[in-house]
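Only this structure's heavy atoms are used, side chains among them; waters, hydrogens and symmetry mates stay out.
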Amino acid sequence: MIYQPPTALPRPLLGDEDVQRALHSHDFGTVFRIAREKAGISYSKIATECDIKPDRGGTLARGTGRITSFEKIVQIADALRVPGHMVGLAPRPWEADVAPAAPSTTNGPPQLHRRTVLQVATATGLAAALPALHHDPPPNRITDAYVDRLRERTARLRKLDDVLCGGDTYRVYLGEVQRTKALLRTGSFSDDSRRKLTSLLAEQAQQAGWAAFDGGHGRDAASLYQESRAFAREAGDGALYSNSLAFLAYGTLAKDRRTAVSFAEESCSTITASTPATVRALLWERLAWACAVDQQPVGTDRALQAARKALEEAPDGEAQPHWSAWVDQQELDIMTGRCWTELRRPLRSVPVLSAALSRFPDEHARDKALYLSWLAEAYLTAGEIEQAATTAGRALQLCTGVASTRPRQRLAIVVDRLRAYGEVSEVQEVMESSDASLPLRTPPA
């Protein structure tokens, strides 16, 4: 006889729109509440089966707190008998013995209604409303060649970040992390294949952490960066280990500048002669940024020079990891301009930012809006109010509809500084077009 836990959700409930929406966004508190209201499943039973504290189920149901760890998501899915695809997991072992959930309508196969998709896309980003990405079943034994194919898939998915943002992509990248963790738990490998898959997991955790950070989920980002650091260490992947430290530095800057600088310095201390050029440049420029935010001009200049030297001295034909291959001279010029803006050196920042952004495509709307915010701030520092307002207005146009918290946070600071010049016509135009709900005063990294 197949065991059914007392908390298994009835099949019709799995077809409920509210339940599907909550599961797609990992809002398990809402799922718990609906399970109690519509299926009579008590919070105490849920707590017991999900191995959470007795009062946690009720607390989550009241909208306080979130479930974010992979292990707990798996445990909840198994306890409630939620098919893996509904929460971004691979199929659970028990699914072969359980009939699929009943459709929510009688018109065709189970699917989210268009209205539901739009509601979820608005609330939690595009990816939360998308069905699980397609995965072929893994082979009986995980080989190096199979890991290489997964790495190619990760590289393709990374390109989503060029045109989408963390609010759109976080669930996509987190699903890849969860699936790779499941493979490591259940797969059969050689020692070398396990090491390579662990290295891939470190890379995927960094990408998911970046999307979480970009989407405004700082705690999730920090947790993923720490996981990445541990996976990279286990895999013996020095470049990814260094990059995890750089990511930790980036995410820590808003709260603790000195700790962020320490993380960035530690990441650069791991550089060796075998570290690829783009990785070296990436680590040095993130140290430069940390030093600039901490108002260390000497350290900033030294790190920028080291990053530039790394790119200039790159050996011909040297293989670069795809996760760092985007670091080039234009990227370094933009980081240079950002750093000198933070250090209030507009004569240094304006020329380099203006030149770099003149070649930067509008299709990368989030990044261009962010970079324009620093150019606008540099103009403000130089007393060029009209130019600052015009630049800020352009950035505001670009970030409309962008699922990232960072451009709006940055622009809120610039717009607030512009208010002192309300008599200037260009400033008045920006005030009229700016979103009144812009978050204020907390600059992102």
Within a strict 4.5 Å, meaning less than it, do heavy atoms of the Arg366 and Cys399 side chains meet? no
Quick check: closest heavy atoms across Leu398 and Ala365, and the distance to 0.1 Å? O-CB, 3.5 Å
Mind telling me whether Phe28 and His26 have parallel, tilted or perpendicular rings, with 30° and 60° as the class edges? parallel
Does one side chain, of Thr278 or Ser324, offer a donor that lies under 3.5 Å from an acceptor on the other? yes
For residues 218-245, pull every pair meeting ring-ring contact (aromatic ring centres under 6.0 Å, His included), keeping only residues two or more places apart or in separate chains. Tyr225-Phe247
Does any donor atom in the side chain of Lys181 or Gln178 lie under 3.5 Å from an acceptor atom in the other side chain? no
Would a 4.5 Å heavy-atom cut-off, applied to side chains only, mark Asp214 and Thr405 as touching? no
Are the side chain of Thr390 and the backbone of Gln387 linked by a donor-acceptor contact shorter than 3.5 Å? no
Indicate whether the side chain of Thr336 and that of Arg308 have a donor and an acceptor atom separated by less than 3.5 Å. yes
So that I can tick it off, tell me whether Arg195 and Glu234 are bridged by a salt bridge, with the cut-off set at under 4.0 angstrom between side-chain N and carboxylate O. no
Over 60° means perpendicular and under 30° means parallel, so tell me whether Trp374 and Trp289 are parallel, tilted or perpendicular. perpendicular
How far apart are the closest heavy atoms of Ala277 and Glu318, and which atoms are they? N-OE1, 3.1 Å
May I ask you to decide whether Asp162 forms a salt bridge with Lys159, counting only side-chain N to carboxylate O separations under 4.0 Å? no
Could you check whether Asp294 and Gln296, counting side-chain N and O atoms only, form a donor-acceptor pair closer than 3.5 Å? yes
Heavy-atom check, side chain of Leu332 versus side chain of Leu304, under 4.5 Å: yes
Please identify each residue that fulfils ring pair (Phe, Tyr, Trp, His ring centres under 6.0 Å) with Tyr379, with sequence neighbours left out. none
Identify the heavy atoms of Ala290 and Leu253 that sit nearest to each other, and give their distance. CA-CD2, 3.9 Å
Test log, rule salt bridge (Lys or Arg N to Asp or Glu O under 4.0 Å), inputs Lys368 and Glu363: CA-CA 9 Å; Lys368 190 161 187 177; Glu363 286 78 8; over 6 Å; no
I'd like to know if the side chain of Ser244 pairs up with that of Arg229 as donor and acceptor (distance under 3.5 Å, no hydrogens or angles considered). no
Applying side-chain contact (heavy atoms from CB on, under 4.5 Å), run through Asp168 and Leu160 and close with a yes or a no. CA-CA 9 Å; Asp168 298 320; Leu160 289 173; over 6 Å; no
Tell me yes or no: between the side chains of Ser190 and Ser193, is some donor less than 3.5 Å from an acceptor? yes
Measure across Leu224 and Leu174 and return the closest heavy-atom pair with its distance rounded to 0.1 Å. CD2-CD1, 4.3 Å
Measure across Leu353 and Gly337 and return the closest heavy-atom pair with its distance rounded to 0.1 Å. CG-CA, 3.6 Å
To check you understand the geometry: which heavy-atom pair defines the closest contact between Thr186 and Ala182, and what is its length? OG1-O, 2.8 Å
Say whether, by atom type as modelled, one donor and one acceptor occur between the side chain of Arg158 and the main chain of Gln207 under 3.5 angstrom. no
Does Asp237 have any salt bridge (Lys or Arg N to Asp or Glu O under 4.0 Å) partners at least two apart in sequence or in another chain, and if so, which? none
